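To keep things clear, I will list the structure first and then write my remarks on it.
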Amino acid sequence: MEGKNNIDKYLNDRDELNRLYNLPENRRLKYVALAVIAVVIILLLTMTIWIENISTKVMLIMRGCAGLGALIFVVLVGILTYRVNKQHITNRRKP
C-alpha cells in the first residue's frame with residue numbers, strides 16, 4: 001500500500017510541475033529558449049553546409065554567435081527551472 005502512495009505522490013508532483021511550466025509567463029520563457037536554440041542550430045547547419053564558401057572571418061563570427069546563443073539558452077533554461085522549482089517548493093510548504 002505504501003508503494004501506491006509513493007506513486008500517487010509522484011504523479012501529483014508531476015502534474016503540479018506541468019501546471020507550473022505551462023503558466024503564461026513560464027511558457028513564454030520556454031518558447032524564447034526554444035527560439036534561441038533554433039537560431040543556433042540554423043547557424044551551425046549553415047556553417048556546415050557552406051563551409052567552403054564562407055570566409056574565415058565570417059565563420060569565426062558565426063561560431064561566436066552560435067556559442068553566445070547557446071549560453072543564452074542555458075541561462076534561460078536555468079531561470080525557467082529555478083522559477084518553477086521555487087514555486088513548487090513554496091506550494092508544498094503551505095499548510
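From a predicted model like this one, the values you see are computed outputs, not experimental measurements.
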From NZ (Lys9) to CG (Leu11), nearest 0.5 Å: 11.5 Å
What side-chain donor-acceptor pairs closer than 3.5 Å can you find for residues 77-86, not counting sequence neighbours?
from, atom 1, to, atom 2, distance (Å)
Thr81, OG1, Val77, O, 2.8
Asn85, ND2, Thr81, O, 3.2

Nonpolar side-chain network containing Ile89, other nodes, edges under 4.5 Å: none
Show me the donor-acceptor pairs, under 3.5 Å and distance only, between side chains in residues 17-26 and residues at least two apart or in other chains.
from, atom 1, to, atom 2, distance (Å)
Asn18, ND2, Arg14, O, 3.4
Arg19, NH2, Glu16, OE2, 2.9
Asn22, OD1, Lys30, NZ, 3.4
Asn22, ND2, Asn18, O, 3.1
Asn26, ND2, Leu20, O, 2.7

Partner residues of Lys57 under the salt bridge (charged side-chain N to carboxylate O under 4.0 Å, His left out) criterion, sequence neighbours left out: none
Heavy atoms of other groups near Arg27 CZ, more than 12 under 6.0 Å: yes
Under 3.5 Å, which donor-acceptor pairs link side chains of residues 32-56 to any protein atom two or more places apart or in another chain?
from, atom 1, to, atom 2, distance (Å)
Thr46, OG1, Ile42, O, 2.7
Thr48, OG1, Leu44, O, 2.8
Ser55, OG, Val58, N, 3.4

